Peer 1: 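Dropping a structure here in structure tokens format, bear with me for questions.
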Amino acid sequence: MCQSCGCASASVSAPPHPATADGAAAGGPTRTIDVRQAILADNDRIAAHNRAHFDAAEVLVVNLMSSPGAGKTALLEATVGALAQRPGGGPRLAVIEGDLETDNDARRIRARGVPAVQITTGGACHLDATMIHDALDDLDLAALDLLFIENVGNLVCPAGFDLGHHHAVALLATTEGDDKPAKYPVLFRTVDLVLISKADLLPYLDDFSTQRAEAAVRALANEAPVFPTSARDGTGLQGWIDWLVARVAQNREALASRPVDAAAHGHVHGGREGLGHAHRPAARHAGADRP
Amino acid sequence: MHELAVCRSLLAEVAGLAGRNGADAVISITVGIGPLSGVEPGLLRRAFSLVRCGTIAQGAALRFETPPIRVRCRTCAGVSTAAANRLLCAHCGDWRTELISGDELILMSVELECGTDGRNGEGAGAGARAPGAAAEA
């Protein structure tokens, strides 16, 4: 990625930006400022701050995205059960739920004994990094290994906003059609894993092909694993759990070999006291304050 | 739609730039929006016509640059243009490509009026004027 502006230009041989040169509008009392900065730089900065929080606490964060009703919450319910059966009880979990209204999903997760924070966006179509930062007030990161963010059900808007997560996962329900990746390339191009949910319905849906869905993901130049899952009958859950556990371990190893990005955070939340730090009103600490 | 959030972020940055440069007004804003950015230029323009009201960019024109989708093949190293949902190499057909342009969402440049005379530079050198400019004040 181009370091000057955040665009996808991958090398110095990329074509020059067709921007107006600085001062090109000379001749009147006008000035043209050459900026070349990501428009969402503010969100990206707060996302980096969130990620520094997560890394300081060694918490892996997974952003789950899908259409409404694809089964994100059902998958999480099944995941809670499956992880609890791992030797040693599995990773310690929490969930941040994003919905326009209601705390129904958070209540479903809490009913399984897992902490859940509900963000109600009140109409906003996606979560952003500031909402996640605010939600951290209600989570004890030091007591977690794995945090799921269940984004607002929407295949368009959530794709544009970095939340500070480490991995993005898309659910594609068998009832939706296998051409969803071709219809929503912005989201499916960049996710790290695609789960074909409601796979128990495959015998009844002769027009859904897992192979075609996978081909549509490959056509986006995305090598993410694509596999069927069912929260109802357990199909594919082991693969999903293995993927998660491997990512948690991988993240730990990666963190052990590099210092926490204190610069992005503005200050280091050292030790236990800092990690469980009261992200209370004071929490609008320097690194995350909006200008 | 998220274009409203994107537009607020854009105008916050523009207002900051205008303030730091002591500008009286913003004449034009040029953004680069790739087809794979997830932002629809038409919707951003409509959001802009609302969000700019009462800001230093109230009279500003919004211009778009649309970089093409281009991919570099990891197999044959060829570079080609591609469609948003078909990022295959046009030379060898392989899907293992990397995007080298087309997902930009960038504030490219801002044209500021820094003199003391005339506050509204609307239209000055602007090829594309946002619709609904006269509707609010």
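Numbers restart at 1 for each chain; the letters A, B, ... are given by sequence-line order, proteins then strands. Keep in mind that what you see is a predicted model, and the values were worked out from it rather than measured.
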Peer 1: A side-chain contact here means heavy atoms from C-beta on lying under 4.5 Å apart; do B/Cys114 and A/Pro29 qualify?
Peer 2: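 Of all side-chain heavy-atom pairs linking A/Pro29 with B/Cys114, none is under 4.5 Å.
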
Peer 1: Let me know if A/Phe188 has heavy atoms under 4.5 Å from chain B in its side chain, its backbone, both or neither.
Peer 2: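 Contact with chain B is absent: no heavy atom of A/Phe188 under 4.5 Å.
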
Peer 1: Please identify, among B/Leu87, B/Leu107, B/Leu17, the residue contributing the most non-hydrogen atom pairs under 4.5 Å to chain A.
Peer 2: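 Highest number of pairs under 4.5 Å: B/Leu107.
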
Peer 1: Output the option from B/Asp94, B/Leu88, B/Val71, B/Asn85 having the highest count of non-hydrogen pairs under 4.5 Å with chain A.
Peer 2: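 Heavy-atom pair counts peak at B/Asn85.
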
Peer 1: What part of B/Val39 gets within 4.5 angstrom of chain A, counting heavy atoms only: side chain, backbone, both, or neither?
Peer 2: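 It is neither, since no heavy atom gets under 4.5 Å.
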
Peer 1: Below 4.0 angstrom, N of the basic side chain to O of the carboxylate: do A/Glu223 and B/Arg74 qualify?
Peer 2: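 Looking at B/Arg74 together with A/Glu223, the answer is yes, because their closest N to O distance falls below 4.0 Å.
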
Peer 1: Side chain, backbone, both or neither: which part of A/Ala159 has an atom under 4.5 Å from a heavy atom of chain B?
Peer 2: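 It is neither, since no heavy atom gets under 4.5 Å.
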
Peer 1: A/Asn151 and A/Asn63: side-chain donor and acceptor closer than 3.5 Å?
Peer 2: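 Yes.
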
Peer 1: A/Asn222 versus chain B, heavy atoms under 4.5 Å apart: side chain, backbone, both or neither?
Peer 2: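 A/Asn222 touches chain B through backbone heavy atoms alone.
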
Peer 1: Quiz question: by atom type and distance under 3.5 Å, do the side chains of B/Ser109 and A/Asp34 form a donor-acceptor pair?
Peer 2: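 Looking only at side-chain atoms, A/Asp34 and B/Ser109 do not form any donor-acceptor pair under 3.5 Å.
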
Peer 1: Any side-chain donor paired with an acceptor under 3.5 Å for A/Gln118 and A/Asp105?
Peer 2: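 Result is no, nothing qualifies.
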
